[in-house]
Amino acid sequence: TQELLLQSEKLSVVGQMAAGVAHEIRNPLTALKGFVQLLHPQSADTHRQYFEIMQMELNRIQQILDELLMLAKPQSVKYTCEDVCRLLQEVIALMDAQAIMQQVNIKCRYSMNLPRVNCVPNQLKQVFVNVMKNAIEAMPAGGTLSIRLKYKKTWVEIEFSDEGVGIPAEKLSKLGEPFYTTKEKGTGLGLMVSHRIIHTHGGNLQIVSGMGKGTTVRILLPAVSQ
Ligand code: ADP
Ligand code: MG
């Protein structure tokens with residue numbers, strides 16, 4: 001098992017540039033998607049197959065842009081004082097269908113009297129979605145995703161532990177690099193975006209993993225003093 005502290009500084013410039021580019025690509029992409037849809041042949045000829053590939057590839061570009069654009073609106077966000085339990089429960093409800101389909105059992109434990117955190121709720125929920133998606137995807141044969149919420153001195157700690165394939169030690173340093181993915185349909189942006197969001201919240205995201213040992217993602221957020 002090896003511990004990794006993801007460095008967000010080296011990512012921030014890349015992230016900002018990528019977000020700018022993503023924004024520029026979005027309008028022409030929307031036009032392309034619309035016209036491909038309009039021209040999509042109804043009959044079962046060979047062109048139909050080509051159109052389906054075109055639509056799939058356009059969707060993939062859109063997915064990448066959507067993730068990149070998470071970084072694009074840092075000015076328009078509003079911080080509010082939130083109960084992390086509540087946010088987490090909303091995300092669990094959202095992820096439940098996917099978890100059940102993949103035979104993943106989500107277990108959640110909370111400490112009593114957890115303090116609140118100052119956050120942009122949708123951004124924090126985006127991080128939880130990204131991390132939980134990765135955990136579920138790491139357990140193709142099913143398993144348990146254990147989530148724990150604790151109060152640690154001045155921090156609220158949220159821990160996501162899976163029983164998945166794990167991450168080999170030599171690959172740990174690659175996590176959070178833009179476009180690093182080991183998945184056929186991955187974007188390699190989920191962790192970069194997550195790390196950046198946690199960092200702008202004054203928090204910290206750590207990943208502990210080993211090959212065949214499962215993975216734990218630990219998020220620390222500053223607690224609002226009570
Ligand atoms: P994506 O999920 O699109 O590949 P991410 O940034 O979310 O992009 O993750 C990058 C890579 O980190 C994944 O492709 C995977 O190899 C590895 N990874 C992330 N979370 C886990 C996990 N819980 N278990 C195993 N590997 C993981
Ligand atoms: Mg992911």
Side-chain angles (χ1 to χ4, degrees), residues 1-12 14-19 22 56-57 59-72 88 91-92 94-95 97-99 101-108 122-148 157-200 203-220:
T1 306
Q2 195 176 317
E3 196 152 341
L4 169 77
L5 205 72
L6 287 175
Q7 297 293 318
S8 69
E9 283 75 14
K10 69 176 175 190
L11 298 175
S12 63
V14 180
Q16 273 161 22
M17 230 186 74
M56 258 167 48
E57 296 300 331
N59 283 340
R60 182 168 159 72
I61 296 173
Q62 174 134 56
Q63 193 194 336
I64 292 173
L65 293 185
D66 287 347
E67 294 201 36
L68 280 178
L69 282 169
M70 280 298 304
L71 311 168
L88 195 57
V91 174
I92 291 172
L94 202 77
M95 302 294 295
Q98 195 189 340
M101 250 170 21
Q102 314 244 348
Q103 295 176 44
V104 169
N105 178 18
I106 301 176
K107 279 190 192 155
C108 202
N122 280 338
Q123 287 192 350
L124 214 50
K125 280 162 77 175
Q126 181 69 52
V127 173
F128 298 158
V129 168
N130 291 351
V131 171
M132 286 174 66
K133 258 186 82 187
N134 282 343
I136 293 169
E137 286 164 359
M139 298 186 279
T144 300
L145 164 57
S146 313
I147 306 172
R148 258 166 305 226
E157 184 186 79
I158 311 133
E159 232 178 43
F160 300 85
S161 299
D162 67 53
E163 304 172 328
V165 289
I167 303 161
E170 72 273 14
K171 292 285 159 58
L172 270 177
S173 64
K174 291 225 170 265
L175 301 189
E177 272 180 21
F179 306 113
Y180 172 74
T181 182
T182 55
K183 299 169 193 170
E184 205 180 328
K185 295 214 160 149
T187 61
L189 293 171
L191 281 179
M192 181 192 78
V193 168
S194 302
H195 192 259
R196 191 170 157 78
I197 290 172
I198 295 303
H199 184 80
T200 55
N204 192 359
L205 189 155
Q206 293 171 313
I207 299 175
V208 185
S209 187
M211 208 50 198
K213 287 180 187 159
T215 299
T216 295
V217 177
R218 187 179 300 136
I219 295 170
L220 290 168

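The basis for the numbers below is simple: all heavy atoms, side chains too, and nothing from hydrogens, waters or symmetry mates. Order of appearance sets the numbers: ligands from 1, and atoms from 1 within every ligand.
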Distance from Lys125 atom NZ to Ile197 atom CD1, nearest 0.5 Å?
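Answer rounded to 0.5 Å: 13.0 Å.
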Determine which pairs satisfy salt bridge (charged side-chain N to carboxylate O under 4.0 Å, His left out) with at least one residue from residues 186-195, sequence neighbours left out, and list them in order.
none
Step by step, would you call Val217 with Asn134 a side-chain contact (heavy atoms from CB on, under 4.5 Å)?
CA-CA 10 Å; Val217 177; Asn134 282 343; over 6 Å; no
With a 4.5 Å cut-off on side-chain heavy atoms, are [Y] and [X] touching?
X: Leu175; Y: His195; result: no
X: Phe128; Y: Ile158; result: yes
X: Gln98; Y: Lys133; result: yes
X: Phe160; Y: Thr216; result: no
X: Phe179; Y: Ile64; result: yes

Out of Thr187, Leu189, Thr216, indicate the one that has the non-hydrogen atom closest to atom 3 (O) of ligand 1.
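Comparing heavy atoms across Thr187, Leu189, Thr216, the nearest one to atom 3 (O) of ligand 1 lies in Thr187.
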For [X] and ligand 1, does the shortest N/O to N/O distance drop below 3.5 Å?
X: Leu191; result: yes
X: Gly186; result: no
X: Asn134; result: yes

Close approach, Asp162 and ligand 1, non-hydrogen under 4.0 angstrom:
yes
Non-hydrogen atom of Gly188 closer than 4.0 Å to ligand 1:
yes
Between Gln126 and Asn130, does any side-chain donor sit less than 3.5 Å from a side-chain acceptor?
yes
Which protein heavy atom lies closest to [atom], and at what distance to 0.1 Å?
atom: atom 27 (C) of ligand 1; result: Ile167 CD1, 3.6 Å
atom: atom 16 (O) of ligand 1; result: Thr182 OG1, 2.5 Å
atom: atom 12 (O) of ligand 1; result: Leu175 CD2, 3.1 Å

Number the atoms of ligand 1 from 1 as they appear, then name those within less than 4.0 Å of a heavy atom of [X], with their elements.
X: Lys183; value: 1 (P), 2 (O), 4 (O), 13 (C), 14 (O)
X: Thr181; value: 1 (P), 4 (O), 14 (O)
X: Ala138; value: 22 (C), 24 (N), 25 (C)
X: Tyr180; value: 10 (C), 11 (C)

For the Mg ion (ligand 2), report each protein N, O or S atom nearer than 2.8 Å, sorted by chain and then by residue number.
Asn134 OD1
Determine whether Met139 and Leu145 satisfy the following criterion, side-chain contact (heavy atoms from CB on, under 4.5 Å), listing intermediate values before the conclusion.
CA-CA 9 Å; Met139 298 186 279; Leu145 164 57; 4.2 Å; yes
Within a 6.0 Å radius of atom NZ on Lys183, are there more than 12 heavy atoms belonging to other residues, nucleotides or ligands?
yes
When you measure from the side chain of Gln206 to the backbone N and O of Arg218, does any donor-acceptor pair fall under 3.5 Å?
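Not at all, since once roles are kept as given, no pair shorter than 3.5 Å links the two residues.
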